[in-house]
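Atoms within each ligand, like the ligands themselves, are counted from 1 in listed order. Positions are given from 1 along the sequence.
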Amino acid sequence: MSYVIRDAVPADLPAIRDIYNDAVLNTLAIWNEQTVDLDNRQQWFNARQAQGYPVLVIVDDANIALGYASFGDWRPFEGFRHTVEHSVYVHPEQRGKRLGPQLLTELIKRARACDKHVMVAAIESANAASIHVHKQLGFVTSGRMPQVGIKFGRWLDLTFMQLMLNPGALPPKECAE
Ligand SMILES: CC(C)(COP(=O)(O)OP(=O)(O)OC[C@H]1O[C@@H](n2cnc3c(N)ncnc32)[C@H](O)[C@@H]1OP(=O)(O)O)[C@@H](O)C(=O)NCCC(=O)NCCS
């Protein structure tokens, strides 16, 4: 089986919705308990496109999305404009084949191309697979917040990991300065 990473197109949204909804129903990766419909994913996709932010999919020979990754603004204040928070999800039957790290590797390149400085991952603290993959890609833990979430009747801890995309770079000179 060969895999290709490419930009998502609207035809990928049903597969993206299904992967997302599986994570809602069966994991602690997304702290929502409500599934979403296609219209919700279309609006999310449109918003990412409007910002010029990537939505990547990894597809098999049949061109079916087996996983996806994307980033958005970390916090909605202009001073955070060089920092993004990403998400990565792999279909439950496709995990353990290094599809997630491949998606993230490409996403990191895209974040650099968008002139971002820091990528943030907000990970449920017991999600050892995600923490492992992020460490392998150079992310370091920058904080852990106990019991800031709740799902399936349990308090959840949040671990922040971050990757400096261009260590040592000075802040860019921008028009207003
Ligand atoms: C996290 C996720 C994206 C990783 O993608 P993947 O394609 O399965 O990643 P990999 O194939 O590299 O496999 C996971 C790695 O974690 C390791 N791992 C799995 N469980 C582990 C555990 N309990 N402790 C330590 N390492 C663990 C595996 O051994 C493997 O590493 P290795 O290749 O060095 O042996 C995927 O599991 C996923 O979609 N999970 C559900 C959604 C999610 O958690 N998304 C991230 C939200 S922050």
Side-chain angles (χ1 to χ4, degrees), residues 1-8 12-36 40-41 44-45 48 53-75 80 83-111 116 118-165:
M1 178 71 68
S2 59
Y3 302 103
V4 172
I5 294 177
R6 58 166 172 76
D7 287 288
D12 296 312
L13 292 175
I16 288 175
R17 174 204 55 199
D18 292 348
I19 293 167
Y20 180 96
N21 282 338
D22 174 80
V24 169
L25 293 172
N26 300 310
T27 79
L28 295 174
I30 299 175
W31 295 1
N32 293 331
E33 300 192 34
Q34 301 300 318
T35 54
V36 298
N40 174 287
R41 289 301 81 187
W44 167 80
F45 182 69
R48 292 284 152 105
Y53 287 167
V55 176
L56 301 177
V57 287
I58 188 160
V59 299
D60 59 11
D61 294 337
N63 200 27
I64 303 292
L66 308 176
Y68 72 94
S70 184
F71 58 69
D73 290 330
W74 182 47
R75 304 192 74 205
F80 294 105
T83 300
V84 288
E85 178 176 336
H86 64 277
S87 49
V88 55
Y89 296 100
V90 174
H91 187 285
E93 287 164 20
Q94 304 295 333
R95 291 177 194 149
K97 298 179 181 176
R98 307 219 38 89
L99 305 188
Q102 288 182 63
L103 277 165
L104 272 180
T105 300
E106 179 61 24
L107 197 67
I108 290 166
K109 284 186 201 159
R110 297 296 189 92
K116 299 301 176 187
V118 179
M119 282 177 86
V120 173
I123 306 174
E124 192 264 316
S125 297
N127 189 346
S130 183
I131 289 173
H132 176 82
V133 164
H134 282 89
K135 259 189 206 156
Q136 279 183 330
L137 294 172
F139 284 75
V140 296
T141 300
S142 40
R144 179 172 167 151
M145 302 178 74
Q147 300 192 2
V148 290
I150 188 168
K151 188 171 181 183
F152 302 151
R154 289 168 44 194
W155 296 124
L156 300 177
D157 298 354
L158 189 65
T159 292
F160 282 111
M161 300 185 76
Q162 71 175 77
L163 180 71
M164 306 299 295
L165 294 166

Using heavy-atom distances, let me know which of [options] sits nearest [atom].
atom: atom 12 (O) of ligand 1; options: Gln136, Arg98, Glu85; value: Arg98
atom: atom 22 (C) of ligand 1; options: Ala122, Ala126, Ala128; value: Ala128
atom: atom 36 (C) of ligand 1; options: Met161, Arg95, Glu124, Gln102; value: Arg95
atom: atom 39 (O) of ligand 1; options: Leu28, Asp22, Leu158, Val90; value: Val90

Going by the order shown, which atoms of ligand 1 are within less than 4.0 Å of some heavy atom of [X]?
X: Ala29; value: 42 (C), 43 (C), 44 (O)
X: Lys97; value: 11 (O)
X: Tyr89; value: 39 (O), 42 (C), 45 (N)
X: Ile123; value: 48 (S)
X: Leu99; value: 7 (O)
X: Gly100; value: 5 (O), 6 (P), 7 (O)

Mind checking the CG-OG1 spacing from Asn40 to Thr35? Nearest 0.5 Å is all I need.
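Separation between the atoms: 9.5 Å.
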Between atom CD1 of Ile64 and atom CD of Gln94, what is the distance when rounded to the nearest 0.5 Å?
11.0 Å
Backbone N/O of Val90 and side chain of Arg95: donor-acceptor pair under 3.5 Å
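Checked: pair present.
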Step by step, would you call Thr159 with Arg144 a side-chain hydrogen bond (donor to acceptor under 3.5 Å, both in side chains)?
CA-CA 4 Å; Thr159 292; Arg144 179 172 167 151; 4.7 Å; no
So, for His134 and Phe139, is the gap between ring centers shorter than 6.0 Å?
yes
Do NZ/NE/NH1/NH2 and the carboxylate oxygens of Asp7 and Arg110 come within less than 4.0 Å?
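A salt bridge links Asp7 with Arg110.
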Side chains of [X] and [Y]: does their closest heavy-atom pair fall under 4.5 Å?
X: Phe160; Y: Thr141; value: no
X: Arg98; Y: Tyr3; value: no
X: Asp61; Y: Met1; value: yes
X: Ile58; Y: Glu106; value: no

So, 4.0 Å and heavy atoms of Val133: is ligand 1 close enough to count as a contact?
yes
So is Ala23 close enough to ligand 1, meaning a heavy atom under 4.0 angstrom away?
no
Looking only at protein heavy atoms, identify the closest one to [atom] and say how far it is in Å.
atom: atom 8 (O) of ligand 1; result: Gly96 N, 2.8 Å
atom: atom 45 (N) of ligand 1; result: Val88 O, 2.8 Å
atom: atom 48 (S) of ligand 1; result: Ser130 OG, 3.3 Å
atom: atom 44 (O) of ligand 1; result: Asn127 ND2, 2.7 Å
atom: atom 19 (C) of ligand 1; result: Ala129 CB, 3.5 Å

Quick one: does atom 2 (C) of ligand 1 have a protein heavy atom under 4.0 Å from it?
no
Does an N or O from His132, backbone or side chain, lie closer than 3.5 Å to an N or O of ligand 1?
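Among all N and O atoms of His132, at least one is under 3.5 Å from an N or O of ligand 1.
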Quick one: closest heavy-atom pair of Ile131 and Glu124, and the distance?
CD1-O, 4.3 Å
Atom of Met119, atom of Leu107 and distance for their closest heavy-atom approach
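Looking at all heavy atoms of both residues, the closest pair is CE-CD2, 4.0 Å.
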For ligand 1, does Ile131 get within less than 4.0 Å through its side chain, its backbone, both, or neither, judged by non-hydrogen atoms?
neither
Would you mind telling me if ligand 1 is within reach of the side chain of Pro101, the backbone, both or neither, using heavy atoms under 4.0 Å?
side chain
Could you pull out all residues at least two apart from Tyr89 that satisfy ring-ring contact (aromatic ring centres under 6.0 Å, His included)?
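Only Tyr68 meet the ring-ring contact (aromatic ring centres under 6.0 Å, His included) criterion with Tyr89.
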